[in-house]
2 protein chains.
Amino acid sequence: MDDTNQTPYVETVDASFLETLVGYNARRAALVVIDQFMQRMAPFDLRTVDFSVLSLITHNPGITSRQLCANLNILAPNLVAMINSLEKKKLIARKPHPLDGRAMGLHLTAKGQKLMVEAEKAVNQLELDATNRLTAAERKTLLVLLKKIYK
Amino acid sequence: MDDTNQTPYVETVDASFLETLVGYNARRAALVVIDQFMQRMAPFDLRTVDFSVLSLITHNPGITSRQLCANLNILAPNLVAMINSLEKKKLIARKPHPLDGRAMGLHLTAKGQKLMVEAEKAVNQLELDATNRLTAAERKTLLVLLKKIYK
DNA sequence: TATTGTTATACTCTATAACTATA
DNA sequence: TATAGTTATAGAGTATAACAATA
């Protein structure tokens with residue numbers, strides 16, 4: 001008798017099929033970078049999504065909740081608590097929208113501006129660290145190729 | 001008086017800072033591809049994570065829960081229900097591990113094998129569709145660069 | 001009639017502690 | 001003493017329906 005019918009077991013896992021998939025690789029890379037992102041933002045008491053919201057407000061003073069939702073793939077009901085929290089921390093302020101009485105424009109406070117200068121500095125450094133195995137050209141190529149997938 | 005002090009509002013949102021970030025771009029690309037993935041797997045009644053689990057079992061007959069967790073970043077308690085569900089659907093079967101009495105080796109059933117042949121076909125086609133704006137060389141480059149981030 | 005912002009709520013995903021049986 | 005698998009449970013993230021105020 002040979003051992004053809006013995007129950008097999010696995011010593012080293014072969015993930016080569018999954019590793020051919022763009023979605024699998026993009027998700028794993030994103031998780032690694034976002035994990036480092038969370039660590040760097042912890043001193044600022046910001047989650048990834050909080051940084052994204054504050055960054056869009058930074059570069060788009062007067063942006064509305066509706067516009068934030070559309071750009072960050074957040075549903076409106078789930079944004080409410082985030083905005084309330086950032087307002088409670090005195091990082092942002094709501095002002096009436098000059099053209100639409102239903103909407104509120106979102107703005108950084110002085111405290112929020114100061115925080116975001118430091119936070120964006122930290123993020124820029126994180127980018128260098130997270131991609132330190134890529135050349136500058138490779139990093140640029142990566143961003144171009146990723147945008148071709150989703151834009 | 002000029003309009004310097006008027007409250008500003010936003011017509012077109014500028015996300016250019018976020019778009020310089022590898023994590024942001026990788027996450028958005030992953031979400032787009034995974035959304036298409038979910039649609040293609042729906043006819044097979046598989047979620048993304050179910051496909052990943054079944055794919056690893058396909059290419060690693062006898063793999064254990066522990067090994068699945070380590071390779072897919074799933075916590076052991078959260079894998080239990082998935083394995084039970086796949087077993088209930090007669091796609092996989094547990095067999096005693098030949099070397100470790102605590103562990104169970106996971107194997108595809110004939111039904112599971114049949115399903116995975118079709119599912120992997122569908123996934124290969126999805127890959128081509130999701131990356132149809134990339135050349136074959138660009139697609140290869142993208143996978144290489146993403147692996148340099150997380151491996 | 002449609003849209004902005006909101007509340008309430010449900011569902012899914014992820015995380016932690018603790019147990020059992022085997023190593 | 002440590003590990004594989006499991007249970008129970010808590011917390012975070014994501015989803016839908018419905019409402020008031022305004023367009």
Side-chain angles (χ1 to χ4, degrees), chain A residues 7 9-11 13 27-28 30-31 34-35 37-38 41-42 45-53 57 60 62-88 92-107, chain B residues 7 9-11 13 27-28 30-31 34-35 37-39 41-42 45-53 56-57 60 62-88 92-107:
Chain A
T7 305
Y9 65 94
V10 175
E11 289 180 351
V13 174
R27 180 160 188 275
R28 287 203 58 170
L31 288 177
I34 290 169
D35 185 67
F37 198 104
M38 289 192 295
M41 287 301 105
D45 196 25
L46 297 179
R47 296 168 306 158
T48 306
V49 65
D50 296 320
F51 176 86
S52 299
V53 166
I57 298 173
N60 302 273
I63 193 172
T64 65
S65 292
R66 174 80 179 68
Q67 290 174 312
L68 285 174
C69 287
N71 276 272
L72 295 175
N73 264 320
I74 302 171
L75 293 172
N78 300 328
L79 184 65
V80 175
M82 298 181 210
I83 297 296
N84 286 340
S85 168
L86 294 172
E87 192 180 31
K88 197 170 182 181
I92 66 172
R94 293 175 224 231
K95 298 181 186 173
H97 193 283
L99 300 183
D100 188 335
R102 296 168 302 184
M104 296 295 287
L106 301 172
H107 303 260
Chain B
T7 304
Y9 65 95
V10 175
E11 288 179 351
V13 174
R27 181 160 187 274
R28 287 203 57 171
L31 287 177
I34 290 169
D35 185 68
F37 198 104
M38 289 192 295
Q39 293 175 35
M41 286 301 106
D45 195 25
L46 296 180
R47 297 169 306 160
T48 305
V49 65
D50 296 319
F51 177 85
S52 299
V53 166
L56 284 186
I57 298 173
N60 301 272
I63 193 172
T64 66
S65 291
R66 173 80 179 69
Q67 289 173 313
L68 284 174
C69 287
N71 277 271
L72 295 174
N73 263 319
I74 303 171
L75 293 171
N78 300 328
L79 184 65
V80 176
M82 299 182 211
I83 296 296
N84 285 340
S85 169
L86 294 173
E87 192 180 31
K88 197 171 180 179
I92 65 172
R94 293 175 222 231
K95 298 182 187 172
H97 193 284
L99 298 184
D100 188 335
R102 298 168 300 182
M104 296 294 287
L106 301 173
H107 304 260

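Quick note: numbers below take in every heavy atom, side chains included, and nothing from hydrogens, waters or symmetry partners. Just so it is clear, the structure is predicted and the values come from calculations on it, not from any experiment. Each chain gets a letter, A, B and so on, in the order the sequences are listed, and its residues count up from 1.
Here the side chains of Asp45(A) and Asp50(A) are not in contact, with every heavy-atom distance at 4.5 Å or above. Annotation: side chain of Thr48(A) is not in contact with side chain of Met41(A) (no heavy-atom distance under 4.5 Å). Proximity of Leu106(B) to Leu56(B): side-chain heavy atoms (C-beta onward) are nowhere separated by under 4.5 Å.
Within the 3.5 Å criterion, the main-chain N or O of Val13(A) finds no donor-acceptor partner in the side chain of Gln67(B). The backbone N or O of Ala81(B) lies less than 3.5 Å from no partner atom in the side chain of Asn84(B), so there is not a single donor-acceptor pair.
Across all non-hydrogen atoms, the minimal contact from Pro98(B) to Thr7(A) is CG-O, 3.5 Å.
For the salt bridge (Lys or Arg N to Asp or Glu O under 4.0 Å) condition, no pair includes a residue of residues 66-79 of chain A, sequence neighbours left out. Sorted by first and then second residue, the salt bridge (Lys or Arg N to Asp or Glu O under 4.0 Å) pairs with a member in residues 67-88 of chain B read Glu87(B)-Arg94(B); sequence neighbours excluded.
Rounded to a whole Å, the CG atom of Leu31(A) is 15 Å from the P atom of dC13(C).
DNA chain C is contacted by Arg102(A), Ala103(A), Met104(A) of residues 95-104 of chain A, taking any non-hydrogen atom closer than 4.0 Å. Proximity of residues 62-80 of chain B to DNA chain D (heavy atom under 4.0 angstrom from any strand atom) is restricted to Thr64(B), Ser65(B), Arg66(B), Ala76(B), Pro77(B), Val80(B).
Tyr9(B) and His97(A) have tilted rings, their planes meeting at an angle from 30° to 60° on a 0 to 90° scale.
Extent of DNA chain D lying under 4.0 Å from chain A heavy atoms, first and last nucleotide in 5' to 3' order, is dG13(D) to dA23(D).
Here the rule is side chain to side chain contact (heavy atoms under 4.5 Å, CB included) with Ser52(A), and of Ile74(A), Leu72(A), Leu68(A) only Leu72(A) fits it.
Within a 6.0 Å sphere centred on CZ of Arg27(B), other residues, nucleotides and ligands contribute 12 heavy atoms or fewer.
With rounding to the nearest 0.5 Å, the separation of CG in Leu31(B) from CG in Asn73(A) is 7.0 Å.
A rotation axis mapping the C1' atoms of four pairs onto the next four is fitted at both ends of the helix from dT1(C)-dA23(D) to dA23(C)-dT1(D) over five pairs, and the angle between these axes is 10° to 10 degrees.
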